[in-house]
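One structure is given here, and the rest of the page talks about it.
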Amino acid sequence: MEKLLRDVIISNLSTDGIEVPLSYMDDSSVVDGIAFTTDSYTVRPYFFPGGDIGRLAVSGTVNDLSVIGAVPVALSSGIILQEGFELEDLKRIIKSMKETLDYSGTKIITGDFKVMEHDKLDGIIINTSGIGRRSPYLDHNLEVANSYSLHRERWLLDRNLRDGDVILVTGYIGDHGISVLSSREGISFETDVKSDVQPLNRMFEEILKVGGVVAAKDPTRGGLSNALNEMAEKSGVGILVEEDKIPVREGVRSACEMLGIDPYEIGNEGKAVIAVVPEMAEDILKALKGTREGKDAEIIGVVKKDLEYVVLETKVGGRRIMERPIGDPVPRIC
Ligand code: MG
């Protein structure tokens, strides 16, 4: 999919003169100082423990703005429904979108609505796009970071990791994917794991006020493995991760064992991977723990320029490469 994206789409859509262009494949792009992002949501089932497609569509777009250091200003939404879609379900989804918008302090101000024949679509697809302005705390945050070591980017881009930066994750990994899978027909199993789907802009405001954050990414498709590998690759560095520091719930671990999937490769929808200059890592961790969204945050690793890969150090001291997931281990969870 990434090769298709690069060869067929991105290479043919020139983005000369754009501050953060499409070709960076970061969470948002930036043009004329405005952050801009878009995503389409096809999750099945569209109601799952801890959330639904409406909450997901708002959170996903708010989070893609938040992780580059922007504050959401407004969203658009395109909704495509299958003919005969239950009106009550649609009402429930819209109510959920509204609650999530209110919590994150943003609005949907433009949209589109289409109905397709029942044999062309199963259920509902929602696209959301969002624009954001530079966080009022981003310049302060980068000044703090640069007072310790020079990081050249003006936004929290994936390519901004430098040797010695500390890697944090803002809470438990794998909850969203397991919650969606557990409610899917045919493979249902007993678990009390709920999706983590939530907007992260409030949490980001708190940590940017402290300062020292240099890069961030929401580990959605491909999970933690994909997020760490993308950041490392784009920055030309390696990352050493301590496996026993990665927060994974027992319910997620056992479900993953049963299903034969890697918890680090499952998508999350309310978490961020954050890179911080080492001098500020403890302060950022403390600030995260003081927020509702980041209360289970942990320091999980460190950036190493002489490592070529993302390397997991296991509890017994062994090391293995944390590879980038091939394909999508868990389809249609976002
Ligand atoms: Mg993202």
Side-chain angles (χ1 to χ4, degrees), residues 1-2 5-6 9-10 20-30 34-43 51 53 55-72 75-77 100 104 106 126-132 135 138 153 155-161 167-171 173-177 180 195-204 207-208 213-235 264-275 293-294 310 324-325 328-334:
M1 185 141 132
E2 194 184 327
L5 257 174
R6 283 206 182 275
I9 303 175
I10 294 170
V20 178
L22 180 61
S23 58
Y24 282 17
M25 294 179 75
D26 217 302
D27 301 287
S28 291
S29 290
V30 179
I34 301 162
F36 189 21
T37 188
T38 190
D39 220 324
S40 300
Y41 299 87
T42 64
V43 61
I53 193 171
R55 180 170 173 82
L56 177 63
V58 172
S59 301
T61 291
V62 166
N63 293 346
D64 276 338
L65 293 169
S66 305
V67 294
I68 70 151
V71 177
L75 269 53
S76 77
S77 181
T100 316
S104 58
T106 187
I126 302 181
N127 171 278
T128 47
S129 301
I131 52 169
S135 162
L138 185 55
E153 298 299 338
W155 299 83
L156 308 179
L157 303 186
D158 298 347
R159 48 163 58 200
N160 211 20
L161 305 186
I167 304 292
L168 296 92
V169 60
T170 62
I173 288 299
D175 295 1
H176 176 72
V180 172
S195 168
D196 58 358
V197 56
Q198 60 184 343
L200 297 174
N201 57 316
R202 291 182 173 205
M203 180 188 82
F204 267 87
I207 59 172
L208 295 184
V213 178
V214 297
K217 189 164 198 66
D218 54 339
T220 53
R221 188 168 47 209
L224 181 68
S225 296
N226 193 62
L228 290 174
N229 273 286
E230 259 195 62
M231 294 169 99
E233 246 170 62
K234 290 175 185 172
S235 303
Y264 311 140
E265 297 188 356
I266 308 174
N268 309 274
E269 293 292 346
K271 298 288 145 57
V273 175
I274 296 175
E293 295 82 10
V310 178
R324 205 162 168 178
D328 201 348
V330 196
R332 289 191 83 174
I333 61 165
C334 57

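All ligand and atom numbering here is 1-based and tracks the order in the structure.
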If you apply the rule side chain to side chain contact (heavy atoms under 4.5 Å, CB included), what do you find for Arg324 with Glu233, and how did you get there? CA-CA 10 Å; Arg324 205 162 168 178; Glu233 246 170 62; 3.0 Å; yes

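Annotation: side chain to side chain donor-acceptor pair (under 3.5 Å) contacts of Asn63 (sequence neighbours excluded): none.
Atom CG in Leu208 sits 9.0 Å away from atom OG in Ser66 (nearest 0.5 Å).
Considering only heavy atoms from C-beta on, Leu138 comes within 4.5 Å of Trp155 through its side chain.
The number of protein N, O or S atoms lying under 2.8 Å from the Mg ion (ligand 1) is 3.
Judged as a salt bridge (Lys or Arg N to Asp or Glu O under 4.0 Å), not a single pair has a partner in residues 61-71 (not counting sequence neighbours).
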Return all side-chain donor-acceptor pairs below 3.5 angstrom for residues 267-275, not counting sequence neighbours, or 'none' if the list is empty.
residue: Asn268; atom: OD1; partner: Gly174; partner atom: N; Å: 2.6
residue: Asn268; atom: ND2; partner: Pro219; partner atom: O; Å: 2.9
residue: Asn268; atom: ND2; partner: Ile266; partner atom: O; Å: 3.2
residue: Lys271; atom: NZ; partner: Tyr172; partner atom: O; Å: 2.7
residue: Lys271; atom: NZ; partner: Asp196; partner atom: OD2; Å: 3.1

